[in-house]
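All heavy atoms count here, side chains included; hydrogens, waters and symmetry mates do not. Here the structure is a predicted model, which means the values were calculated and not measured.
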Amino acid sequence: MSAHIVYDSAPLGSVIRYSDGTPKPSTRFRKKLAAWESRNGTGRLVRKEPPRTRATYSSPAYFTLHEGDFGQNGAVIVSVRRTYSVESNLRFEIVERPEIGMVRVLQDLGDSPELLHLSRDRVAADRWLATNPYSRAYLEEVSADEVGADIIEGRTAA
């Protein structure tokens, strides 16, 4: 599917796979493998930004995937995120959507919210937020209406 479909139909917290369609090279070709891995992977959808038009430039809509955190002893040193324009030539697939009852921890930044964490329930979200304070964070539960709309509109299997 195209990046437009991900932007239009995938809710925050969805797991998205992206690919350029080429086969994975052998591990002995380290440079080719590194280049392939930069265009093929999986991440959690954490942000969607609408298109922008300014006096000197315009940009298409885009979305950001969180691929992972790296660190030691509970401290995150590097957080890997990749941002894709809806005009990207990569292929995207929605692998998993948030389930009913899960809770998103969101933060308002700019024109749209950013997903900070996805918890299995409100208690876990409150616990996460207590240990990771953010000034503009709020909780949003994944509702049956949201999941039902996805099923009705054909964005997921019933």
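With ring centers used as reference points, F92 lies 6.0 Å or more from Y7.
Residue pairs meeting the ring-ring contact (aromatic ring centres under 6.0 Å, His included) criterion with at least one member in residues 11-30, sequence neighbours excluded, are Y18-Y84.
W128 places no side-chain N or O within 3.5 Å of a backbone atom of S119 that could act as its donor or acceptor partner.
Put simply, L90 and L65 are part of the same group of oily side chains (I, L, V, M, F, W, Y) that touch within less than 4.5 Å, one to the next. Put simply, M1 and L45 are part of the same group of oily side chains (I, L, V, M, F, W, Y) that touch within less than 4.5 Å, one to the next. L106 is connected to V46 through a chain of hydrophobic side-chain contacts under 4.5 Å among Ile, Leu, Val, Met, Phe, Trp and Tyr, so both are in one cluster.
Look at R81 and E114 and you find a salt bridge, because one of the NZ, NE, NH1 or NH2 atoms lies within 4.0 Å of a carboxylate O, short of that distance. For the pair E49 and R47, the salt-bridge criterion is met [side-chain N within less than 4.0 Å of a carboxylate O].
For the pair G13 and L118, the tightest heavy-atom approach, listed with the atom from each and the gap, is O-CD2, 3.8 Å. For the residue pair S19 and N40, the shortest heavy atom distance occurs at OG-OD1, 2.9 Å. The heavy-atom pair separating G71 from I77 by the smallest distance is CA-CG1, 3.6 Å. The shortest non-hydrogen separation linking L139 to A125 is CD2-CB, 3.9 Å.
Grouped by direct or indirect side-chain proximity (heavy atoms under 4.5 Å, Ile/Leu/Val/Met/Phe/Trp/Tyr only), L109 sits alone.
Expressed to the nearest 0.5 Å, how far CD of E96 lies from CZ of R17 amounts to 11.0 Å. From L129, atom CG reaches atom OH of Y138 across 12.5 Å, with rounding to the nearest 0.5 Å. Separating the CG atom in L116 from the NE2 atom in H66 is a distance of 10.5 Å, to the nearest 0.5 Å. Note that OG1 of T42 and CD1 of I16 are 9.5 Å apart. Values are rounded to the nearest 0.5 Å. Rounding to the nearest 0.5 Å places CZ of R39 at 10.5 Å from CZ of R82. In this structure, NE2 on H4 lies 7.5 Å from OG on S85, to the nearest 0.5 angstrom.
Residues S143 and D145 have side chains that never bring a donor and an acceptor to within less than 3.5 angstrom of each other.
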